Protein chains: 4
Amino acid sequence: MTSSGERVRVAALELFAERGFHGTGIRQLAERAGLSSASLYHYMGTKEDLLVELMRTSLERLLDATAEVLATHDDAVPRLTALVRLHVTSHAERPLETRVVDDEVHALSPQRRADVVALRDRYEAAWREVIDQGLAEGAFRVESAGVARRALLEMCSGVARWFDPAGPTALPALAEQYALLALRLLGADTRTAAAGARRVGDDTPSPV
Amino acid sequence: MTSSGERVRVAALELFAERGFHGTGIRQLAERAGLSSASLYHYMGTKEDLLVELMRTSLERLLDATAEVLATHDDAVPRLTALVRLHVTSHAERPLETRVVDDEVHALSPQRRADVVALRDRYEAAWREVIDQGLAEGAFRVESAGVARRALLEMCSGVARWFDPAGPTALPALAEQYALLALRLLGADTRTAAAGARRVGDDTPSPV
Amino acid sequence: MTSSGERVRVAALELFAERGFHGTGIRQLAERAGLSSASLYHYMGTKEDLLVELMRTSLERLLDATAEVLATHDDAVPRLTALVRLHVTSHAERPLETRVVDDEVHALSPQRRADVVALRDRYEAAWREVIDQGLAEGAFRVESAGVARRALLEMCSGVARWFDPAGPTALPALAEQYALLALRLLGADTRTAAAGARRVGDDTPSPV
Amino acid sequence: MTSSGERVRVAALELFAERGFHGTGIRQLAERAGLSSASLYHYMGTKEDLLVELMRTSLERLLDATAEVLATHDDAVPRLTALVRLHVTSHAERPLETRVVDDEVHALSPQRRADVVALRDRYEAAWREVIDQGLAEGAFRVESAGVARRALLEMCSGVARWFDPAGPTALPALAEQYALLALRLLGADTRTAAAGARRVGDDTPSPV
DNA sequence: GATGAATGAGCATTCATTCAT
DNA sequence: TATGAATGAATGCTCATTCAT
């Protein structure tokens with residue numbers, strides 16, 4: 001019931017994530033999608049267009065979910081908690097997408113790269129905003145907001161590289177653990193904070 | 001006073017880090033090294049051999065430094081502190097090397113990959129050991145040791161992607177911040193821990 | 001009020017003349033004609049069929065007009081004059097057609113080429129006949145009839161490559177000039193010849 | 001004793017002349033040159049670079065020979081005679097080169113085309129100059145200098161399309177005939193003119 | 001050491017064409 | 001009529017690698 005176009009995108013996601021953009025040939029893509037390499041071009045522009053499209057789709061979904069998070073919560077601690085849950089969840093549920101977004105930016109030509117990086121920067125701006133808010137509120141205490149933000153993002157993104165849904169930790173529990181780790185890292189009072197965050201956890205928008 | 005062989009390795013490091021292994025051509029390598037592409041083969045085996053060599057050199061240096069860390073410190077907190085400093089410092093000082101090691105494993109053929117991953121696993125085993133020790137000592141308190149280890153490693157490795165020696169935070173201060181963030185993340189008592197760690201800081205082996 | 005079939009032919013004429021047969025893709029043809037590339041095949045056989053058809057149409061029109069010229073005039077000088085006018089006029093009025101006929105014969109497969117060349121040879125036979133007649137009548141004086149014929153034909157065909165209807169010379173005047181140049185080239189007495197030719201000029205059949 | 005580089009150029013000349021630039025594949029070129037298609041690229045840049053190189057070489061040789069013609073003769077009639085001889089001779093002796101130059105300009109990208117057309121325009125400027133001189137001297141009499149120049153050039157260039165060295169007319173005789181035809185076309189007094197031209201004919205620089 | 005010459009295999013992409021709808 | 005989907009073959013060009021000099 002999947003269309004050829006979808007199959008192309010799935011194939012690209014799998015192969016770009018596994019072998020990288022430059023390590024994936026158009027013929028491998030075609031074979032995985034069950035098409036001839038010529039037919040591929042009914043469903044995409046260039047190979048780079050395809051990569052950009054995957055990246056943009058992924059980033060825009062994340063941005064939409066992020067906007068909802070910010071609209072749902074007001075204080076820094078629940079906001080940060082929700083951001084971590086969103087980030088971890090989306091990276092665990094869509095490891096292919098997120099790995100492609102995180103690892104293949106270097107394969108883009110300068111113009112396309114600028115476009116994609118702009119989207120990524122918009123996303124990171126939300127984290128910056130929430131961390132700054134927490135510092136202003138006195139809820140967080142770190143030496144450098146920038147260092148903390150980068151440390152957090154890298155830590156959370158890493159989930160896409162190792163999370164195994166069949167492994168010992170289920171995804172909701174993992175997201176909860178990461179939220180706690182993040183709050184600790186930010187110097188938040190985790191006795192009440194985590195509890196507070198947990199209370200609104202059900203509202204966490206799904207990144208799907 | 002640099003030999004051709006060194007120039008080849010530097011060129012490979014720069015290009016593999018910037019464009020990835022598959023995104024780097026033998027001709028670009030040769031041009032960057034100031035040689036013809038044929039001459040390149042006096043200083044390397046195949047292109048993959050070159051990548052493996054770079055990775056192995058980097059990982060072995062890190063492993064040696066790690067062994068020294070473990071030999072120097074006995075308790076979990078100073079050990080963990082020293083591991084973080086080592087990891088952050090080496091990733092900040094050698095971002096090309098570490099990015100290649102972290103990002104290009106997928107480009108290796110199965111056998112070579114297994115070799116490199118074995119080295120990386122040996123390195124991560126040191127972290128596992130120290131975290132377990134801290135949990136046993138009661139110095140750390142986390143829900144899952146595995147989750148914490150992965151979160152820590154990803155967080156620290158990320159430094160190679162963004163650290164700028166000309167930026168606002170100097171490397172020693174950055175390493176110190178990361179050590180604090182790590183201890184917080186592990187639920188350590190950071191009032192005494194950081195101080196204790198700082199006291200043995202001068203012993204931190206340089207990964208150079 | 002133009003049919004799709006006509007639009008295909010016009011598109012082919014324009015593109016074959018501008019970029020050559022091999023330089024024109026079926027997709028460009030389709031786009032220019034306002035159709036999909038699949039729809040194109042409702043109005044043509046193969047791409048080569050289309051080329052042959054354009055060539056044949058053009059050559060047959062020229063052959064018909066040539067027959068009329070020969071039927072209208074009896075003596076070599078007015079006949080040659082009329083041939084030149086016809087050739088120049090048709091090349092100036094239909095530069096695309098004539099350029100395709102003159103320049104793209106090499107793109108035809110052997111069999112199709114033989115067919116088209118046969119038509120072209122029939123046309124050139126008329127020139128040969130008239131020049132021979134003029135030599136027999138004593139109206140022309142050249143060293144080699146073949147050299148003169150080829151020189152004349154190339155000279156007249158070139159008009160399709162440069163004539164600009166908005167330029168300084170209007171087409172009727174241009175045809176007249178070429179007629180005079182041709183007669184001079186053939187060693188005809190241009191004092192009476194041109195005048196004589198001019199007198200019958202109104203009868204020149206239009207190649208349209 | 002021919003080098004691979006020369007063989008590539010010869011192959012390109014033959015194939016571009018026979019099938020056109022767009023009708024010639026890189027693999028055909030390679031086969032004709034006795035190389036693999038990859039090896040071809042040791043001896044050329046792109047396929048278009050190769051075409052431009054052939055064109056430029058040919059045009060520059062013609063321009064050099066033209067400069068010598070103008071330096072050798074002072075009056076319009078001998079100058080024009082020598083130009084015709086040069087043009088006819090070079091087109092008869094090097095039909096491949098001249099056909100490529102004359103017929104494949106349309107295959108060039110805009111920038112390269114402008115470069116080549118500039119060279120061709122420099123060549124045609126010599127003809128314009130000599131025809132203008134002849135009109136000023138009263139040696140030529142035509143209605144339009146531009147029409148005459150174009151008619152002459154097309155007529156002479158056509159030689160490359162049909163001259164057969166094994167045919168009835170030998171090249172020197174052919175060049176002589178064309179010179180006479182050209183003078184007649186220009187309305188020159190051919191009784192003395194041709195003789196005068198013939199006297200200095202031995203000085204005609206060879207375009208080789 | 002160093003390299004020009006060489007290549008088989010592969011690259012991303014386009015070709016002209018067919019066919020079911 | 002018209003076209004989306006499909007493709008085998010070909011396009012120009014680059015790949016990593018070898019080898020004689």
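All of these numbers come straight from a predicted model, not from anything done at the bench. The analysis underlying the following values was restricted to heavy atoms, covering all of them including side chains, and did not include hydrogens, waters or symmetry mates. Note on naming: letters A, B, ... go to the chains in the order of the sequence lines (proteins, then strands), and numbering restarts at 1 for each one.
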Rounded at 0.5 Å granularity, tell me how far NZ in D:Lys47 sits from CG in D:Asp49.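 D:Lys47 atom NZ to D:Asp49 atom CG measures 12.5 Å (nearest 0.5 Å).
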Would you mind telling me which residue lines up with the more 5' stretch of DNA chain E, B:Leu35 or C:His22, judged by nearest nucleotide?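 Nearest-nucleotide comparison on DNA chain E picks B:Leu35.
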Would you kindly compare D:Ala38 and A:Glu48 by the position of their nearest DNA chain E nucleotide and give the one closer to the 5′ end?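 Looking at DNA chain E, the more 5' nearest nucleotide goes with D:Ala38.
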Distance check needed: [N] [atom2] versus [X] [atom1], whole Å only.
X	N	atom1	atom2	result
C:Leu40	E:dC19	CG	C1'	16 Å
A:His42	E:dC15	NE2	C1'	12 Å
C:Phe16	E:dA16	CZ	C1'	12 Å
B:Arg27	F:dA16	CZ	P	7 Å
C:Gln28	E:dC15	CD	P	7 Å
C:Tyr43	E:dT17	OH	C1'	18 Å
C:Glu31	E:dA16	CD	P	14 Å
D:Ile26	E:dG8	CD1	P	16 Å

Minimum heavy-atom separation for [X] and [Y], please, with both atom names.
X	Y	answer
A:Ser58	A:Glu97	OG-OE1, 3.0 Å
C:Val100	C:Ala17	CG2-N, 3.6 Å
C:Thr2	C:Arg7	O-NH1, 3.5 Å
C:Val105	C:Val101	CG2-O, 3.2 Å

In dot-bracket form, 5' to 3', how is DNA chain E paired? Count Watson-Crick and G-U wobble pairs only if both distances fall under 3.5 Å, and write | where the partner sits on another strand. .||||||||||||||||||||
Does anything in residues 103-113 of chain B reach DNA chain E, meaning a heavy atom under 4.0 Å, and if so which residues?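 Under 4.0 Å from DNA chain E: no residue of residues 103-113 of chain B.
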Nearest to the side chain of [X] - [options]?
X	options	answer
C:Lys47	F:dT3, E:dT17, E:dC15	E:dT17
A:Thr46	F:dT17, E:dT3, E:dT13	E:dT13
C:Ser4	F:dA2, F:dT17, E:dT7	F:dA2

Distance test, side-chain N/O of D:Ser39 to OP1/OP2 of E:dT7, below 4.0 Å: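 Checking D:Ser39 against E:dT7: at least one side-chain N or O falls below 4.0 Å of OP1 or OP2.
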Salt-bridge test for B:Glu104 and B:Arg99: reply yes if a basic N is under 4.0 Å from a carboxylate O, no otherwise.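 Result for this pair is no, no salt bridge flagged.
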One thing to verify: whether A:Arg161 and A:Asp103 come together as a salt bridge, which I'm taking to mean a side-chain N less than 4.0 angstrom from a carboxylate O.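 Yes, charged N to carboxylate O under 4.0 Å.
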Pairing donors with acceptors under 3.5 angstrom, does anything connect the side chains of B:Asp102 and B:His91?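 Yes, side-chain donor-acceptor contact under 3.5 Å.
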Apply the salt bridge (Lys or Arg N to Asp or Glu O under 4.0 Å) test between A:Glu14 and each candidate in A:Arg19, A:Arg32, A:Arg9; give the one that qualifies.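 Going through the options one by one, the only one that passes is A:Arg32.
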Side chain to side chain, D:Ile26 and D:Tyr41, heavy atoms closer than 4.5 Å: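 Sidechains of D:Tyr41 and D:Ile26: in contact.
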Between D:Tyr41 and A:Ser36, who's closer to the 5' end of DNA chain F by nearest nucleotide?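 The residue whose closest nucleotide sits nearer the 5' end is A:Ser36.
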Contact nearer the 5' end of DNA chain F, comparing A:Gly34 with B:Thr24: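 The residue whose closest nucleotide sits nearer the 5' end is A:Gly34.
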